[in-house]
*Asks:* 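If you scroll down you'll find the structure; I have some questions about it.
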Amino acid sequence: MAGPMKERITELLNAALERARAAGQLKSAAPVFTVEAPRDPSHGDAATNAAMVLARAEGKPPRAIAEIIRANFEPGGDIAEVSIAGPGFINFRMAPGFWHRRLFAAAREGERFWYPQLGGGRKVNVEFLSANPTGPLTVGHGRNAVLGDTIARLHEATGFKVVREYYFNNGGRQMRMLAESVRVRYLQELGIDAQLPPDGYQGEYIRDIAHQLVLRNGDRLAQGAAEEIFKNAAERAIFADIRNTCERLGIRFDVYTNELDLIKAGKIDAVIEGLRKRGLIAEYDGAVWLRGEPLGLPKDRVLIRSGPEREPTYRTPDIAYHIDKLERGFDLIIDVFGADHIAEHEGVAAAVRALGYDISPIRVIIYQFVTLTRGGEKVKMSTRKATYVTLDELIDEVSPQGEHEWSPADVVRFFFLFRKSDTHLDFDIDLAKRQAPENPVFYVQYAHARLASVFREAAKAGLVLPDEVERIDLTLLSEEELALARRLLDLPEVVRTSVEELEPHRIPFYLLEVAGDFHRYYNKPSNRIIGQDQELSRARLFLAGVIKSAIASGLRLLGVSAPERM
RNA sequence: GCGCCCGUAGCUCAACUGGACAGAGCAUCGGACUUCGGAUCCGAGGGUUGGGGGUUCAACUCCCUCCGGGCGCGCCA
């Protein structure tokens, strides 16, 4: 519901309550009531529960109180009707002129209208994906990447300054294992007998990296070559691959941060020192521990491993990393994590707070895992065992073939966003492949392409909208068309909720509804946009333009293209 | 065992964060244009929102409990 309308009605309601009290018709103090758009549009444009929340204090039935409020309500110019319904709702219906003015505003302002400015230039850091460079991106990473990027887009659109950030660990055991795996494949490539360690990486891409090393170095690395060489080669190659996949999805990062740099900058040591000063460090079993009990955590957590290397666990740099982000002065720090990280994040947050930082800027969006179904069976995925479907393969498989105006990422992006992040996502590959033309994304894009086509036809027929849109007579629009307009004009509120609650899935669901409204409207012969009556045609074409603008603006938030032709 | 998430139509999911009669898309069955794009539209069937209790004028939504599924409880990330 439009913000201005809501505020206006709230004011008028408060005035009515005041009058009723002055007249002795009500005795209790102003209640906390809400003004919202009813779920069912036939109930009106706005509704309040004021009478119902007053019922108890007044000792009267809600509908009787509603009558009192209505009797004292002096409607402003835009409110056409005030009625009482259901258990005691007071419903308001706006005059058509209100909607006409909103439509004109939408046409004039374009994206500024659809994207409410919430950020005021505040700085937000969105950390997402953050996959360690040990292999190609999998389908699970895809959900993270698309969610994170879309949250970034939502914030950009609504007036935040956004940094997209990728954090990775390159100091630990996993990277050593990666290096070792490359070395083994390298030796094998040279015909030298070598065995992958039990936890080694078995993927084909390791052989590719080893093969490249042979091409460039021959057998010079066969004896005594530093682990560093294999590690760097692997990291470089895998990152190139990850970047490429992200590029295909329309995703680019502004900042990469890694563990080794944090170590070199002494930030890890600083964390340990700070914690030690506060009595939060324990040392036993040869390791350095974060004490759980004083932080309200279930148990102690290792910060520095035992053994001669004195290696930090992943959690220590993560603490340092979050402090680093806080010190860089972001107003909002968003972490996109898989469900398996949630417990760990609590520990990290507790440590950061214990070190004296205000962690309120940090917000976490958790997403549940993606399960993949192929041939009716769940595919179990493991990076190490190389039994995964890569994100690249998925993009290839579900993207339409041939020449198109739209991006190969459209289907994948839309699918990943088409459910709430904290529910499991079941991705049936066969279905996505086979039914690609019936995917919801095509339904929405088709609505846009159809509208574009209408404008092409209108131009052919010499029908053009005036620059001064206010000259168009919107009183010619039918009730059905106004209903369509009302849903359309919801977009700014949908965007607001998506940003505030970090719930991007609202956008694709909204777009599906608008597209459905339009397809239904369009299919009725009586709703022909380009017709004999010039004035009516102009009013309808104008509305069509606003619909097109809303769909395009919504899709842009998702990183999904809005094709003019399909 | 403990913690977090989930359980809504045959399947995959929504439900404006406590509001009115729980809605879409697939799937099934039956229909619709000789002009703006049929990748569309119309209609039908399908529900005790996992079970039970509680709070509230009002519960899919909050609390308790039980059942079922996922994730975590690593000196992996």
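By convention in this document, chain letters (A, B, ...) are assigned in the order of the sequence lines, proteins followed by strands, and residues within each chain are numbered from 1.
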*Asks:* Using a strict cut-off of less than 4.0 Å between a Lys/Arg side-chain nitrogen and an Asp/Glu carboxylate oxygen, indicate whether A:E501 and A:K420 qualify as a salt bridge.
*Replies:*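 No, no charged N to carboxylate O under 4.0 Å.
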
*Asks:* Under 6.0 Å between ring centres: does that hold for A:Y256 and A:F239?
*Replies:*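 Yes, they do, as the ring centres are separated by less than 6.0 Å.
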
*Asks:* Between P on B:G70 and OH on A:Y367, what's the gap in Å once rounded to a whole number?
*Replies:*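 Nearest whole value for this atom pair: 19 Å.
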
*Asks:* Rounded to the Å, how far apart are A:F427 CZ and B:C11 P?
*Replies:*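 It is 20 Å, rounded to the nearest whole Å.
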
*Asks:* At a cut-off of 3.5 Å, list every protein nitrogen or oxygen paired with a nitrogen or oxygen from nucleotides 33-37 of chain B, distance to 0.1 Å.
*Replies:*
{"unit_1": "B:C36", "atom_1": "O4'", "unit_2": "A:R528", "atom_2": "NH2", "d": "3.2"}
{"unit_1": "B:C36", "atom_1": "O2", "unit_2": "A:I530", "atom_2": "N", "d": "3.2"}
{"unit_1": "B:C36", "atom_1": "N3", "unit_2": "A:I529", "atom_2": "N", "d": "3.0"}
{"unit_1": "B:C36", "atom_1": "N4", "unit_2": "A:Y522", "atom_2": "O", "d": "3.4"}
{"unit_1": "B:G37", "atom_1": "OP1", "unit_2": "A:S453", "atom_2": "OG", "d": "2.2"}
{"unit_1": "B:G37", "atom_1": "OP2", "unit_2": "A:S453", "atom_2": "OG", "d": "3.1"}
{"unit_1": "B:G37", "atom_1": "O2'", "unit_2": "A:Y446", "atom_2": "OH", "d": "2.6"}
{"unit_1": "B:G37", "atom_1": "O2'", "unit_2": "A:R450", "atom_2": "NE", "d": "2.8"}
{"unit_1": "B:G37", "atom_1": "N7", "unit_2": "A:S453", "atom_2": "OG", "d": "3.3"}
{"unit_1": "B:G37", "atom_1": "O6", "unit_2": "A:M566", "atom_2": "N", "d": "3.0"}
{"unit_1": "B:G37", "atom_1": "N1", "unit_2": "A:M566", "atom_2": "O", "d": "3.3"}

*Asks:* Wobble G-U and Watson-Crick pairs count when both distances are under 3.5 Å; given that, what is the 5' to 3' dot-bracket string of RNA chain B, with | for pairing to other strands?
*Replies:* (((((((..((((.....[...)))).(((((.......))))).....(((((..]....))))))))))))....

*Asks:* Tell whether A:N91 reaches the base of B:A20 with its side chain through a donor-acceptor pair below 3.5 angstrom.
*Replies:*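 When only heavy-atom distances are counted, A:N91 does reach the base of B:A20 through a donor-acceptor pair under 3.5 Å.
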
*Asks:* Aromatic contact between A:Y446 and A:F442, with the criterion being ring centroids under 6.0 Å apart: yes or no?
*Replies:*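 So the answer is no for these two rings.
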
*Asks:* Suppose you measure atom C1' in B:G45 against the same atom in B:C5; what distance do you get, rounded to whole Å?
*Replies:*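 About 34 Å, rounded to a whole number of Å.
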
*Asks:* At under 4.0 Å, does any side-chain N or O of A:R305 touch on OP1 or OP2 of B:C76?
*Replies:*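 Yes.
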
*Asks:* Could you tell me whether A:A55 contacts a base, only the sugar-phosphate backbone, or nothing, with contacts defined as non-hydrogen atoms closer than 4.0 Å?
*Replies:*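 Nothing: the residue A:A55, judged by heavy atoms under 4.0 Å, touches no strand.
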
*Asks:* Heavy atoms only, 4.0 Å cut-off, all strands: where does A:H43 land among base, sugar-phosphate and nothing?
*Replies:*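 It contacts base atoms.
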
*Asks:* For A:F442 and B:U40, what is the distance between atoms CZ and P respectively, to the nearest whole Å?
*Replies:*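 In whole Å, B:U40 P lies 11 Å from A:F442 CZ.
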
*Asks:* With a 4.0 Å limit, can you tell me whether A:T423 has a side-chain N or O closer than that to the phosphate oxygens OP1/OP2 of B:A14?
*Replies:*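 Checking A:T423 against B:A14: at least one side-chain N or O falls below 4.0 Å of OP1 or OP2.
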
*Asks:* Does a distance-only test, which skips hydrogens and angles, find a donor-acceptor pair under 3.5 Å between the side chain of A:S306 and the base of B:C75?
*Replies:*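 Answer yes: a donor N or O sits under 3.5 Å from an acceptor.
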
*Asks:* Does the ring center of A:H505 lie less than 6.0 Å from the ring center of A:F418?
*Replies:*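 No, they do not, as the ring centres are separated by 6.0 Å or more.
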
*Asks:* Atom CD of A:E36 and atom P of B:A58: how far apart are they, to the nearest Å?
*Replies:*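 Rounded to whole Å, this separation is 18 Å.
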
*Asks:* For atom P, what is the distance between B:A14 and B:G7, given to the nearest Å?
*Replies:*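 The same atom, P, in both gives a distance of 8 Å.
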
*Asks:* Answer yes or no as to whether B:G70 has its base stacked against A:F369, where stacking requires a ring-centre separation under 5.5 angstrom and planes under 30 degrees apart.
*Replies:*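 Stack criterion not met.
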
*Asks:* Applying side chain to side chain donor-acceptor pair (under 3.5 Å), run through A:T497 and A:E500 and close with a yes or a no.
*Replies:* CA-CA 5 Å; A:T497 310; A:E500 289 175 349; 5.7 Å; no

*Asks:* Evaluate ring-ring contact (aromatic ring centres under 6.0 Å, His included) for A:F427 paired with A:F416, printing each intermediate quantity in order.
*Replies:* CA-CA 9 Å; A:F427 208 124; A:F416 278 138; 5.7 Å; yes

*Asks:* At under 4.0 Å between heavy atoms, what does A:D285 touch on the DNA or RNA strands: base, sugar-phosphate, or nothing?
*Replies:*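 Base: the residue A:D285, judged by heavy atoms under 4.0 Å, touches a nucleobase.
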
*Asks:* For a quick check of understanding: with a heavy-atom distance under 4.0 Å over all strands, which category does A:E501 fall into, base, sugar-phosphate or nothing?
*Replies:*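 Base: the residue A:E501, judged by heavy atoms under 4.0 Å, touches a nucleobase.
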
*Asks:* Thinking salt bridges, do A:R291 and A:D300 make one under a 4.0 Å N-O criterion?
*Replies:*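 Result for this pair is no, no salt bridge flagged.
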
*Asks:* For side chain to side chain donor-acceptor pair (under 3.5 Å), just list the numbers for A:E165 and A:Y321, CA-CA rounded to whole Å, side-chain angles, deciding distance to a tenth of an Å, and then say yes or no.
*Replies:* CA-CA 12 Å; A:E165 186 151 334; A:Y321 175 50; 2.9 Å; yes

*Asks:* Let's test your reading of the model: under 3.5 Å, does the base of B:G72 pair with the side chain of A:D340 as donor and acceptor?
*Replies:*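 No.
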
*Asks:* Phosphate oxygens OP1/OP2 of B:G74: is one of them under 4.0 Å from a side-chain N or O of A:H341?
*Replies:*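 Negative; the distance criterion is not met.
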
*Asks:* Considering only side-chain heavy atoms of A:T313, which listed nucleotide, B:C57, B:U40, B:C75, is closest?
*Replies:*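 For A:T313, the side-chain atoms sit closest to B:C75.
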
*Asks:* Syn or anti for B:U61, taking syn as within 90° of 0?
*Replies:*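 Here the answer is anti: the torsion falls beyond 90° from 0.
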
*Asks:* Look at all strands and tell whether A:N132 reaches a base, only sugar-phosphate, or nothing, counting heavy atoms closer than 4.0 Å.
*Replies:*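 Sugar-phosphate contact only - A:N132 comes under 4.0 Å of backbone atoms but never of a base.
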
*Asks:* Checking all strands, does A:R506 fall into the base, sugar-phosphate, or nothing category for heavy-atom contacts under 4.0 angstrom?
*Replies:*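 Result for A:R506 = base.
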
*Asks:* May I ask you to verify if any side-chain N or O of A:K299 is less than 4.0 angstrom from the OP1 or OP2 atom of B:G3?
*Replies:*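 The answer is no; no side-chain N or O of A:K299 sits under 4.0 Å from OP1 or OP2.
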
*Asks:* Rounded to whole angstroms, how far apart are CD on A:E344 and C1' on B:C75?
*Replies:*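 Atom-to-atom, A:E344 to B:C75, this comes out as 13 Å.
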
*Asks:* Please confirm whether A:F128 and A:F337 have ring centers closer than 6.0 angstrom.
*Replies:*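 Judged by ring-centre distance (under 6.0 Å), A:F128 and A:F337 do not meet the cut-off.
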
*Asks:* Using a heavy-atom cut-off of under 4.0 Å over every strand shown, decide if A:K460 touches base, sugar-phosphate, or nothing.
*Replies:*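 Nothing, no nucleic acid heavy atom in range.
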
*Asks:* For B:G18 and B:C6, measure between their P atoms and round to the nearest Å.
*Replies:*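 Looking at atom P only, B:G18 and B:C6 are 14 Å apart.
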
*Asks:* Would you tell me if any nitrogen or oxygen in the side chain of A:R39 comes within less than 4.0 Å of OP1 or OP2 on B:A15?
*Replies:*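 No, because none of the side-chain N or O atoms of A:R39 sits under 4.0 Å from OP1 or OP2 of B:A15.
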
*Asks:* Against A:R301, only a single residue in A:E293, A:E346, A:E344 fulfils salt bridge (Lys or Arg N to Asp or Glu O under 4.0 Å); can you say which?
*Replies:*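 It is A:E344, the one option of A:E293, A:E346, A:E344 that forms the salt bridge (Lys or Arg N to Asp or Glu O under 4.0 Å) with A:R301.
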
*Asks:* Report the distance from atom CG of A:L417 to atom CZ of A:F509, rounding to the nearest 0.5 Å.
*Replies:*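 Answer rounded to 0.5 Å: 10.5 Å.
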
*Asks:* Distance check: side-chain N/O of A:R56 vs OP1/OP2 of B:C57, anything under 4.0 Å?
*Replies:*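 Yes, because at least one side-chain N or O of A:R56 sits under 4.0 Å from OP1 or OP2 of B:C57.
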
*Asks:* Counting any heavy atom closer than 4.0 Å, what does A:A461 reach on the DNA or RNA strands: base, sugar-phosphate only, or nothing?
*Replies:*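 Counting heavy atoms under 4.0 Å across all strands, no contact is made by A:A461.
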
